[in-house]
Asks: 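The structure that follows is given in the form of structure tokens.
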Amino acid sequence: MDISNILKNSLDASALRSETISSNIANVNTSNYKAKRVEFENQLATALNLTTTKENHIGANSASQAQVTTDNTTSVNENGNNVDLDVEMVNQSTNELYYSSIVSQLNGRYQMLNYVLNN
């Protein structure tokens with residue numbers, strides 16, 4: 001799997017995670033709403049451990065797509081809602097740092113390419 005595709009998928013997962021966290025925050029007082037989470041890093045690790053014989057081998061890119069899951073195991077409020085605002089705010093901050101670090105990596109790659117092309 002090409003590093004550019006990994007970084008693109010990481011940015012996509014971070015954007016989806018931001019939307020999901022925002023949705024969780026917006027529904028903090030909704031009865032029986034269950035918090036949603038984005039699963040990406042474990043799937044990315046699985047995709048990177050795949051041994052492929054060809055670049056277009058089945059599973060080489062599909063396993064690194066982010067998926068939204070629902071947390072049905074906990075209940076924080078009496079109304080069945082399990083969104084914890086403090087946890088969501090920490091998750092949002094963590095996701096912002098994650099996004100910024102990926103953008104920095106992409107910028108570094110593009111600067112190297114620009115240097116090679118211009119010199």
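All residue numbers in this chain count up from 1 along the given sequence.
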Asks: Taking atom CG of N29 as the centre, does the number of heavy atoms from other residues, nucleotides or ligands within less than 6.0 Å exceed 12?
Replies: no

Asks: Look up atom NZ in K36 and atom CG in N72, then write down how far apart they are to the nearest 0.5 Å.
Replies: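 So the NZ of K36 and the CG of N72 are separated by 8.5 Å.
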
Asks: Checking S23 side chain against E19 main chain: does a donor-acceptor pair fall under 3.5 Å?
Replies: no

Asks: So, taking the atom named OG in S31 and the one named CD in E78, what distance separates them when rounded to the nearest 0.5 Å?
Replies: 10.0 Å

Asks: Find the distance between CG (N114) and CG (N107) and round it off to the nearest 0.5 Å.
Replies: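 Answer for the CG-CG pair, N114 versus N107, is 11.5 Å.
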
Asks: Could you tell me whether a side-chain N or O of N95 sits under 3.5 Å from a main-chain N or O of S14, the two making a donor and an acceptor?
Replies: yes

Asks: Would you compute the distance between atom OG of S18 and atom CG of N91 and round it to the nearest 0.5 angstrom?
Replies: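 Those atoms lie 11.0 Å apart.
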
Asks: Transitively linked via ILVMFWY side-chain contacts under 4.5 Å: Y110 with I3?
Replies: yes

Asks: Under a 4.5 Å cut-off applied to non-hydrogen side-chain atoms, are R37 and T20 in contact?
Replies: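 No, too far: nothing below the 4.5 Å cut-off.
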
Asks: Report yes if some heavy atom in the side chain of I25 is under 4.5 Å from a heavy atom in the side chain of L85; otherwise report no.
Replies: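 Yes, side chains in contact.
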
Asks: Are the side chains of V103 and L11 in contact, using a 4.5 Å heavy-atom criterion?
Replies: yes

Asks: When clusters are formed by joining ILVMFWY residues with side-chain heavy atoms under 4.5 Å apart, either directly or through shared neighbours, do I21 and M89 land in the same one?
Replies: yes

Asks: Is there a path from L16 to I102 through hydrophobic residues (I, L, V, M, F, W, Y) whose side chains come within less than 4.5 Å of each other?
Replies: no

Asks: Atom OG in S104, atom CG in L7: separation rounded to 0.5 Å?
Replies: 11.0 Å

Asks: Taking N24 for its side chain and E88 for its backbone only, find out whether a donor-acceptor pair lies under 3.5 Å.
Replies: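 Absent.
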
Asks: Is there a side-chain contact between F40 and N9 (heavy atoms, below 4.5 Å)?
Replies: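 They are in contact (side-chain heavy atoms under 4.5 Å apart), so the answer is yes.
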
Asks: Check whether any side-chain heavy atom of Q92 sits under 4.5 Å from a side-chain heavy atom of S22, and report yes or no.
Replies: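 Of all side-chain heavy-atom pairs linking S22 with Q92, at least one is under 4.5 Å.
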
Asks: May I ask you to test the D71-K34 pair for a side-chain heavy-atom distance under 4.5 Å?
Replies: no

Asks: Quick one: does N27's side chain have a donor or acceptor within less than 3.5 Å of a partner on N81's backbone?
Replies: no

Asks: Less than 4.5 Å apart, any side-chain heavy atom of D86 and any of V90?
Replies: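 In short, these two side chains do not touch, never coming nearer than 4.5 Å.
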
Asks: Can you name the closest pair of heavy atoms from R17 and V38 and give their distance?
Replies: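 That closest heavy-atom pairing would be NH2-O, 3.1 Å.
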
Asks: Might you point out which heavy atoms bring A35 and N82 nearest each other, and give the distance in Å?
Replies: N-OD1, 2.6 Å

Asks: For residues Y98 and T94, determine if any side-chain heavy atom of one lies less than 4.5 Å from a side-chain heavy atom of the other.
Replies: no

